[in-house]
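Data first, discussion second: the structure below is written as structure tokens.
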Amino acid sequence: MRVEVFETYTDLSQRTADIVADLVRRRPDAVLGLPTGSTPEGFYRALVKADASFRQVRTFNLDEYVGLPQAHPQSYFSFMNSHLYSHVDLVPANCHIPNGMAVDPDAECRRYEDLIRQAGGLDVVVLGIGLNGHIGFNEPGSPWDARTRRVPLAENTRQANARFFGGSVDGVPSEALTMGIGTILEARQILLLASGEAKAEIIRRTLEGESDISVPATALQQHPNVTVLLDRAAARVLERTA
Ligand code: PGA
């Protein structure tokens, strides 16, 4: 895995947007795997200012909560609408997020996998990382060959996300639909973003620890084209860049 360390969160966000915008300029119908969360907010702020057209781009989000309608302010659809869709010339029919309200979630997950395959696979997937090492909502113990599926959320993930639901963990959905680690590992390029001191230890384990299913992000060690973009705080305890 290549590691790039930036002085500030703004710099790492701009670099991520530059990589993605450059891909879109070279391949106007690129297929992007996209994250939500607080980490990628700066990336989207920079991406919407990039000199690139998204008219033919296809996007697939990593995950969505089960049971939240699209219109719910904390749905990942709402997040994507306010951070990306409403600012660029993406065609709505080309923007995909698993449907957390699907009557048959298993069928929805199979449909999502089929859509990714029909699009030719993901050219790049941008990832955040959870404090427990999750990528998408693949919590510790997730098999590395897993495909898009319905998963329970780890208790510490629900606690971490309570801030978006009025501070109460009870308001956080207990399940999600997520691309699997197997789905993510098939992307041709992976960008893993982390910012802030709270992520420093999990970034150290991801980059320098044993590859183990108890830390899902260590699956990325197997992939030939991963760039890890960090600010100084997130890189603080790395041996190689100290
Ligand atoms: P965060 O979440 O960007 O809000 O820290 C990352 C994640 O849980 O994947």
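We count ligands from 1, going down the list as the structure has it; atoms in each ligand are counted the same way. Every value quoted in this text rests on a predicted model; they were computed, and no experiment measured them.
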Could you pull out every N or O of ligand 1 that sits under 3.5 Å from a protein N or O, with the distance for each pair?
from, atom 1, to, atom 2, distance (Å)
ligand 1, 3 (O), Ser38, N, 3.3
ligand 1, 3 (O), Thr39, N, 2.9
ligand 1, 3 (O), Thr39, OG1, 2.5
ligand 1, 4 (O), Ser38, N, 2.9
ligand 1, 4 (O), Ser38, OG, 2.8
ligand 1, 4 (O), Arg163, NH2, 3.1
ligand 1, 5 (O), Lys199, NZ, 2.7
ligand 1, 8 (O), His134, NE2, 2.6
ligand 1, 9 (O), His134, NE2, 3.3

Can you see whether [X] engages [Y] through a side-chain donor-acceptor pair at a distance of less than 3.5 angstrom?
| X | Y | answer |
| --- | --- | --- |
| Thr157 | Glu139 | yes |
| Asp212 | Thr218 | no |
| Arg163 | Ser38 | yes |

Flag yes if more than 12 heavy atoms outside Arg205 fall under 6.0 Å of its CZ atom; otherwise flag no.
no
Is a salt bridge present between Asp123 and Arg27, judged by a nitrogen-to-oxygen distance below 4.0 Å?
yes
Return the orientation label for the His96 and Tyr112 ring planes: parallel under 30°, perpendicular over 60°, tilted otherwise.
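His96 and Tyr112: perpendicular rings.
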